[in-house]
Engineer: 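Got a structure for you, questions after.
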Amino acid sequence: MKNLIKRQEFYILLVIVVLAIIIGMSNSAFFSLRNIFSLGKSTVVMGIFAMGTLMVLLSGGIDVSMTAVAAFSMYLTCKWMVESGYNGPVVAGFLVAMGIGGVLGLVNGLLVSLFDFPTMIVSLGTSYAFAGFIYTFVSTRIVNVLPSNMTNFSRSEILVTTLGNGQKVGLTVAFLIMLAVMLITFCILRFSMLGRSIYAIGGSQSSAERAGINVKKVKLFIYPFVGVTAGLAGIIHSAFMRNSNPFDLIGTELNVIAAAVLGGANVGGGKGTVIGTFLGVVLMTLVNNSLIFLGIPSYWQRMTTGCIILLATGIPALARRRSNAKLTS
């Protein structure tokens with residue numbers, strides 16, 4: 001039990017439960033099945049983003065380009081589907097978006113691994129480059145009419161039930177996609193040598209190199225993985241919105257990083273879990289939605305996100321400092 005209490009995941013879960021109770025007492029509609037399914041849907045895009053972000057943080061890097069990659073991938077894919085008249089299986093569009101995201105992620109990976117550039121500087125530069133390419137050479141006009149396969153996907157639901165008023169509600173099928181991405185990430189990190197190498201690089205890159213780990217190859221996996229998850233998150237976001245806006249998602253990367261850090265991922269690398277990151281996503285989603293339920297203006301979300309990042313990074317840092325002070329005294 002002591003080990004459980006020490007885990008950050010336990011504290012996050014406790015905060016989620018307490019916050020849910022407080023919001024539910026303020027507004028009974030919070031616990032309605034409709035809202036619960038809506039919250040589940042709200043976690044999908046951020047949850048997929050967060051799995052890629054977790055990989056980067058574990059390796060000791062910070063990638064702020066994932067939302068630009070997502071916007072690039074979804075917009076180019078939707079333009080292709082609309083202009084070519086494609087209306088086949090929606091999975092083809094998803095694979096195209098993931099492929100584009102993977103290529104863009106590979107650009108980051110090559111710059112980081114081959115030239116040893118700082119990850120945050122590289123991703124900041126490429127995010128502007130990717131967005132600028134779309135605006136300059138493709139288009140800035142919103143694609144307002146998506147193919148019917150995308151619309152049908154956005155309407156696909158599981159656990160459908162009928163409410164007392166006769167209206168049917170359900171959980172989006174995209175939630176299963178997010179769970180699949182989480183499972184894949186968990187298996188890589190928990191059961192593969194690649195996962196252990198990622199943790200080792202984040203703990204100490206020089207020690208990992210001395211242990212025989214090929215750091216460049218590992219990083220050449222991490223950043224395309226981030227790109228693939230970003231492409232998937234982008235195309236799902238586009239389906240949810242039922243349009244494709246090249247300006248969408250860009251600027252929301254702080255929310256994703258905050259969720260991962262809040263879930264226990266160490267900004268310095270080497271520490272973090274899939275479960276903790278998902279709980280961080282749930283808490284961030286809950287905080288953002290609770291502001292609406294409590295009647296608080298939406299522009300407070302940015303301040304709330306900033307405070308969460310400061311607390312999530314500051315408290316563990318202070319705890320480590322106190323622990324080190326006790327060891328040296």
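Remember, predicted model here, so these are calculated numbers, not experimental data. Just so it is clear, the values below take in all heavy atoms, side chains as well, and ignore hydrogens, waters and symmetry mates.
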Engineer: Should the heavy atoms of other residues, nucleotides or ligands under 6.0 Å from CZ of Phe247 be counted, would the total exceed 12?
Structural biologist: yes
Engineer: Name every donor-acceptor pair, under 3.5 Å, that has one atom in a side chain of residues 233-242 and the other anywhere in the protein, sequence neighbours excluded.
Structural biologist:
unit_1 : atom_1 : unit_2 : atom_2 : d
His237 : NE2    : Asp248 : OD2    : 3.0
Ser238 : OG     : Asn243 : O      : 2.7
Arg242 : NE     : Ser154 : OG     : 3.2

Engineer: Among Ile, Leu, Val, Met, Phe, Trp and Tyr joined by side-chain contacts under 4.5 Å, find the other residues sharing a cluster with Ile21 and list them by chain and number.
Structural biologist: Val17, Met25
Engineer: Would you mind reporting whether Glu253 and Ser127 have side-chain heavy atoms less than 4.5 Å apart?
Structural biologist: no
Engineer: When rounded to the nearest 0.5 angstrom, what is the spacing between CD1 in Ile198 and CG in Leu189?
Structural biologist: 5.5 Å
Engineer: So which atom in Ala71 and which in Pro246 form the shortest heavy-atom distance, rounded to 0.1 Å?
Structural biologist: CB-O, 3.8 Å
Engineer: With the 4.5 Å side-chain cut-off for hydrophobic clustering, are Val160 and Val169 part of the same group?
Structural biologist: no
Engineer: Just by modelled atom types, is the Ser123 backbone N or O under 3.5 Å from a matching donor or acceptor in the Asn108 side chain?
Structural biologist: no
Engineer: Identify whether Leu179 and Val44 are in the same connected component of the hydrophobic contact network (ILVMFWY, side-chain heavy atoms under 4.5 Å).
Structural biologist: yes
Engineer: With sequence neighbours left out, what residues match Lys41 under salt bridge (Lys or Arg N to Asp or Glu O under 4.0 Å)?
Structural biologist: none
Engineer: Check Asn152 against Ser156 and note the closest heavy-atom contact, atom names and distance.
Structural biologist: O-OG, 2.9 Å
Engineer: Are the side chains of Val215 and Ser113 in touch, meaning some heavy atoms are under 4.5 Å apart?
Structural biologist: no
Engineer: Run the side chain to side chain contact (heavy atoms under 4.5 Å, CB included) test against Thr136 and tell me which residues pass, sequence neighbours left out.
Structural biologist: none
Engineer: Output side-chain donor-acceptor pairs under 3.5 Å for residues 93-101, partner residues at least two apart or in another chain, one line each.
Structural biologist:
none

Engineer: Residues in side-chain hydrogen bond (donor to acceptor under 3.5 Å, both in side chains) with Asn87, at least two apart?
Structural biologist: Ser148
Engineer: Does any part of the side chain of Phe133, heavy atoms only, come nearer than 4.5 Å to the side chain of Leu104, both counted from C-beta?
Structural biologist: no
Engineer: Please check: side-chain N/O of Tyr199 versus main-chain N/O of Arg190, any donor-acceptor pairing under 3.5 Å?
Structural biologist: no
Engineer: Are Phe278 and Val274 close enough that some pair of their side-chain heavy atoms sits under 4.5 Å apart?
Structural biologist: no
Engineer: Taking Leu194 as the starting point, is it possible to reach Val112 by hopping between hydrophobic residues whose side chains are less than 4.5 Å apart?
Structural biologist: yes
Engineer: What's the separation between atom CE in Met66 and atom OG1 in Thr252, rounded to the nearest 0.5 Å?
Structural biologist: 8.0 Å
Engineer: Please answer whether the main-chain N or O of Ser207 pairs with a side-chain N or O of Glu209 as donor and acceptor at a distance below 3.5 Å.
Structural biologist: no
Engineer: Please list, one pair per line, the donor and acceptor atoms closer than 3.5 Å that link side chains of residues 45-61 to other protein atoms, with sequence neighbours excluded.
Structural biologist:
unit_1 : atom_1 : unit_2 : atom_2 : d
Thr53  : OG1    : Phe49  : O      : 3.2
Ser59  : OG     : Val56  : O      : 2.7

Engineer: Might you confirm whether atom CD1 of Ile177 has over 12 heavy atoms from other residues, nucleotides or ligands at distances under 6.0 Å?
Structural biologist: yes
Engineer: Just so I know, are the side chains of Leu286 and Leu39 near enough to count as touching, which here means a heavy-atom distance under 4.5 Å?
Structural biologist: yes
Engineer: Could you check whether the rings of Tyr86 and Trp80 sit parallel, tilted or perpendicular, using 30° and 60° as the cut-offs?
Structural biologist: parallel
Engineer: Quick one: closest heavy-atom pair of Gly88 and Asn149, and the distance?
Structural biologist: O-ND2, 2.8 Å
Engineer: Hydrophobic cluster membership, with links at side-chain heavy-atom distances under 4.5 Å among I/L/V/M/F/W/Y: are Leu183 and Ile188 in one?
Structural biologist: no
Engineer: What are the two closest non-hydrogen atoms of Thr67 and Gly251, and how far apart are they?
Structural biologist: OG1-N, 3.9 Å
Engineer: Could you give the distance from CG (Leu14) to CG (Leu19), rounded to the nearest 0.5 Å?
Structural biologist: 11.0 Å
Engineer: Going by the ring-ring contact (aromatic ring centres under 6.0 Å, His included) test, which pairs reach into residues 159-178, not counting sequence neighbours?
Structural biologist: none
Engineer: If you round to the nearest 0.5 Å, how far is OG of Ser38 from CG of Leu171?
Structural biologist: 10.0 Å
Engineer: List in chain and number order the residues that pass side-chain hydrogen bond (donor to acceptor under 3.5 Å, both in side chains) with Ser42, two or more places apart in sequence or in another chain; answer none if no residue qualifies.
Structural biologist: none
Engineer: Going from CZ on Phe10 to CG on Leu279, what distance comes out if it is rounded to the nearest 0.5 angstrom?
Structural biologist: 12.0 Å
Engineer: Any side-chain heavy-atom pair from Val282 and Ile12 closer than 4.5 angstrom?
Structural biologist: no
Engineer: Yes or no on side chain to side chain contact (heavy atoms under 4.5 Å, CB included) for Asp63 and Ile222, after CA distance, side-chain angles and deciding distance?
Structural biologist: CA-CA 11 Å; Asp63 188 343; Ile222 293 172; over 6 Å; no
Engineer: Could you work out, with side-chain hydrogen bond (donor to acceptor under 3.5 Å, both in side chains) as the rule, every residue matching Arg34, not counting sequence neighbours?
Structural biologist: Gln167
Engineer: Hydrophobic cluster membership, with links at side-chain heavy-atom distances under 4.5 Å among I/L/V/M/F/W/Y: are Leu254 and Ile121 in one?
Structural biologist: no
Engineer: For residues 80-107, which residue pairs pass the salt bridge (charged side-chain N to carboxylate O under 4.0 Å, His left out) check, not counting sequence neighbours?
Structural biologist: Lys79-Glu83
Engineer: So do Leu159 and Phe37 actually touch side chain to side chain, heavy atoms under 4.5 Å?
Structural biologist: yes
Engineer: Hey, what do you get for CD1 (Ile16) to CE (Met284), rounding to the nearest 0.5 Å?
Structural biologist: 11.5 Å
Engineer: Go through Ile257 and Val267 one step at a time and tell me if the side chain to side chain contact (heavy atoms under 4.5 Å, CB included) criterion holds.
Structural biologist: CA-CA 9 Å; Ile257 295 172; Val267 176; 6.0 Å; no
Engineer: Pairs in or reaching into residues 211-227: which pass side chain to side chain donor-acceptor pair (under 3.5 Å), with residues at least two apart or in two chains?
Structural biologist: Gln205-Lys219
Engineer: Mark yes or no for whether Ser32, through its side chain, and Asn35, through its backbone, hold a donor-acceptor pair below 3.5 Å.
Structural biologist: yes
